[in-house]
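As a basis for the values below, the full set of heavy atoms in this structure was taken, side chains included, without hydrogen atoms, waters or symmetry mates. Lettering follows sequence order; numbering is per chain, from 1.
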Amino acid sequence: MPSRLDNINEQRRQKLERLRARGIDPYPHRFRQTHTTREAIAALEAAEAPGAATQARSRGFGQEKEEISLAGRITAIRRMGKSSFADLRDGAGKIQLLFQNTDQFEEEKRELFKDLDIGDIIGAGGALLRTRTGEPTLAVHDFSLLAKSLQPLPEKWHGLADTEKRYRQRYLDLIANSEVREVFLARSQIISAVRQFMDRRGFIEVETPVLQPSAGGALAAPFITHHNALDRDFYLRIALELHHKRLIVGGFDKIYEIGTVFRNEGISTTHNPEYTLLESYEAYADYTDVMVMLEEMVAWVSRQVLGATAIKYGEHDIELKPPWRRVTLRDAVREHSGIDFVKYPTASGLRERMRSLKVDTDPDKNWARLVDELYKTFARPRLIQPTFLIDYPVSMSPLAKNKPGEERVAERFQAVVGGLEIANAYSELNDPLEQRERFAEQMKERHGSDEEQWTIDEDYLLALEYGMPPTGGLGVGIDRLVMLLTDQPSIREVILFPQLREKQ
RNA sequence: GGGCCGCUAGCUCAACUGGCAGAGCAGCUGACUCUUAAUCAGCAGGUUACAGGUUCGAUUCCUGUGCGGCUCACCA
């Protein structure tokens, strides 16, 4: 018959009540620490360094050791009679605590110590030393409870393995799995390095609307939301592009934004409904300039964060050092599928040619989609080393300028590394009349299938009519860049709270 | 949306062909003053995801549902 005490949660609540009954606040308001665990270890090492003795003594190390204080979560306790060890973890790292001869603590602390659990947050004051085995340790002279934990932590050795639980309760994943922590630290550093790179090049960071009357700049299905006071629907942005180019018209010549965009589409290992996109626009540049910038950016960020441009992604060794290979989409597809799509200029002709390759030749697909199918099936998975796929069919690129003298080819590239599309860029179409025609064509094509609420953005066209300088634009999927640099196979491993179906 | 796989104690995992659901960690009690996956002795802990079905008997076989993973489709 299960007693209430069998439940860990119930036991912890009882401890909580005991503490309160003894006049201890289990959730006090503040604690001042003098060091992080990492700083404490550094201080210990500095004091031990040869020649540091004199200096250290003058700072308090030596016979009379400096009292320091730390705060963090207890992740392990090893009780051994009168002495006990505990592991204390804070945001910087981990250090061992030694509670020596706990009998000598006064009554209240002795009781408190008995009720300490793995998971509790405590503050501890004491002196640094090394144990017999050389472990940096804080010999605790005084300690206090800063927050009582009522839930048992995942197992210390295997960590938390249940994928669903890891995503839904990411805080447990972060506590239990240090590799996961490292990934998200790297993510932060990557974004910070990207910002530095752009800032140093004289780009200014801008913020543009998330709520938009129509979602443009890409052909993805948007999320719809509603504004009560205005009593009208808005769309969550699917790209940053159209507002950025308005700013180029407005005279900001180099701009970028790192922001979340939302696409109401399938979820996969490379797609999350909301993800982080870097977009940048540079006046008077074209897509070749953007290529140079991107390869330098990725190499620089990798060097900043990983200290190298040679990385491992899955089973592949990848070298990010510029220059990256440049190959036309046509050649890449021809190389890997044997089909020169230029020779099959109609959807039916191309579909006919594709049949022999046993690929999906959905009759609903237009020519551009068939080309895309060829690329995704044959070329992309084999593009491991950094590659710029350049010169896309205009029909796949409604916002890109076409190549001089080539009506069907747009100055556009995608960057593929490790089989991941990490960037998409083009020489921006700045001819307002042609842009209007391209939009109209898109409208026609979309009409009927219309999952996408595609409307012509008249305000954008008006902006173009005032005159936009030639401009090179870039979009980088930050999450995929993080996947690449942290060697993660799924986008959910680089997004703290990936979208999951609601439980129950 | 389709296909395949998974769901057992708080966590990590066992349980043969259908035959009393088990271990380690965490927890509780006790021993132990340098441990670090501490050790030792004992105790407790289960709606086997959920709902049905087959069977003398189901964690195991079947059907459905939920959630997750992989994959295909969708996604310039």
Side-chain angles (χ1 to χ4, degrees), chain A residues 1-12 14-15 75-87 94-104 117-119 129-137 139 150-169 172 175-176 217-221 238-239 263-273 329 359-360 362 364-373 375-377 392-400 410 412 414 421 424 426 442 445-446 449 451-452 475 489-490 492 498 500-504:
Chain A
M1 164 149 189
S3 109
R4 286 165 67 77
L5 272 177
D6 293 336
N7 184 313
I8 294 172
N9 189 265
E10 192 55 40
Q11 288 167 0
R12 297 267 176 112
Q14 289 185 9
K15 283 184 182 178
T75 56
I77 304 179
R78 296 176 289 281
R79 297 180 194 266
M80 297 184 315
K82 287 178 184 167
S83 282
S84 294
F85 293 90
D87 293 335
K94 185 170 144 179
I95 197 168
Q96 178 172 259
L97 304 180
L98 167 60
F99 297 82
Q100 198 160 27
N101 198 359
T102 42
D103 287 352
Q104 285 177 4
D117 287 304
I118 290 170
L129 54 78
R130 259 179 215 280
T131 59
R132 195 173 291 161
T133 51
E135 180 82 11
T137 300
L150 300 179
Q151 298 284 350
L153 289 181
E155 204 226 12
K156 61 186 168 189
W157 190 240
H158 300 93
L160 184 66
D162 183 317
T163 317
E164 186 178 352
K165 187 154 267 196
R166 287 184 47 231
Y167 296 157
R168 289 191 197 277
Q169 293 180 275
L172 291 181
I175 291 168
L219 285 185
I238 57 175
R263 297 192 176 182
N264 203 343
E265 281 159 6
I267 298 177
S268 76
T269 46
T270 49
H271 297 81
N272 195 61
L329 178 68
V359 288
D360 177 27
D362 190 331
D364 287 344
K365 279 184 172 158
N366 61 31
W367 184 82
R369 299 245 171 155
L370 290 171
V371 169
D372 197 51
E373 178 69 30
Y375 150 69
K376 279 175 177 168
T377 308
Y392 276 63
V394 168
S395 58
M396 299 171 76
S397 320
L399 294 158
R412 171 182 171 193
Q414 290 211 53
E421 278 165 13
N424 184 19
Y426 29 87
Q442 289 293 320
E445 219 163 80
R446 289 275 135 185
S449 78
E451 277 178 32
E452 289 79 16
S490 167
R492 292 182 208 101
L500 298 182
R501 207 178 290 262
E502 206 173 346
K503 191 89 175 181
Q504 176 167 1

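- Applying the side-chain contact (heavy atoms from CB on, under 4.5 Å) criterion to A:Ile175, with sequence neighbours excluded, gives A:Arg73, A:Arg89, A:Leu153.
- Remark: A:Arg501 is not in phosphate contact with B:rG66, judged by side-chain N or O atoms under 4.0 Å from OP1 or OP2.
- A:Lys15 meets the side-chain hydrogen bond (donor to acceptor under 3.5 Å, both in side chains) test with A:Asp117; sequence neighbours excluded.
- Between A:Arg166 and the phosphate of B:rG69, there is no side-chain N or O to OP1/OP2 separation shorter than 4.0 Å.
- Helical stems of RNA chain B (runs of at least 3 Watson-Crick or G-U pairs, donor-acceptor distances under 3.5 Å) are listed by first residue: B:1-7 with B:66-72, B:10-13 with B:22-25, B:27-31 with B:39-43, B:49-53 with B:61-65.
- Distance, A:Arg12 CZ to B:rA26 P: 12 Å, rounded to whole Å.
- Contacts of A:Pro273 classified as side-chain contact (heavy atoms from CB on, under 4.5 Å), with partners at least two apart in sequence or in another chain: A:Phe223, A:Ile267, A:Gln499.
- Partners of A:Gln96 by side-chain hydrogen bond (donor to acceptor under 3.5 Å, both in side chains), not counting sequence neighbours, listed by chain and number: A:Arg78, A:Thr137.
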TODO: Any chance you could list the contact pattern along nucleotides 6-12 of chain B? Use B for base contacts, S for sugar-phosphate-only contacts and - for none, protein heavy atoms under 4.0 Å, 5' to 3'.
DONE: ----SBS
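- For A:Asn101, there are no side-chain hydrogen bond (donor to acceptor under 3.5 Å, both in side chains) partners at least two apart in sequence or on another chain.
- Among residues two or more places apart in sequence or in another chain, the ring-ring contact (aromatic ring centres under 6.0 Å, His included) test is passed with A:Phe99 by A:Phe113, A:Phe143.
- The side-chain contact (heavy atoms from CB on, under 4.5 Å) check on A:Asn366 picks up A:Ala368, A:Arg369, A:Glu445, with sequence neighbours excluded.
- Annotation: side-chain hydrogen bond (donor to acceptor under 3.5 Å, both in side chains) contacts of A:Arg168 (sequence neighbours excluded): A:Glu164.
- Proximity of A:Arg78 to the phosphate of B:rA38: a side-chain N or O atom is located under 4.0 Å from OP1 or OP2.
- Proximity of A:Thr269 to the phosphate of B:rU71: a side-chain N or O atom is located under 4.0 Å from OP1 or OP2.
- For the pair A:Arg130 and B:rU35, the criterion of a side-chain N or O lying under 4.0 Å from OP1 or OP2 is not met.
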Report, one pair per line, the protein and nucleotides 30-32 of chain B atoms (nitrogen or oxygen only) whose separation is under 3.5 Å.
{"residue": "B:rC32", "atom": "N3", "partner": "A:Gly81", "partner atom": "N", "Å": "3.1"}
{"residue": "B:rC32", "atom": "N4", "partner": "A:Gly81", "partner atom": "N", "Å": "3.2"}

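- Listed by first and then second residue, the salt bridge (Lys or Arg N to Asp or Glu O under 4.0 Å) pairs involving residues 151-163 of chain A amount to none (not counting sequence neighbours).
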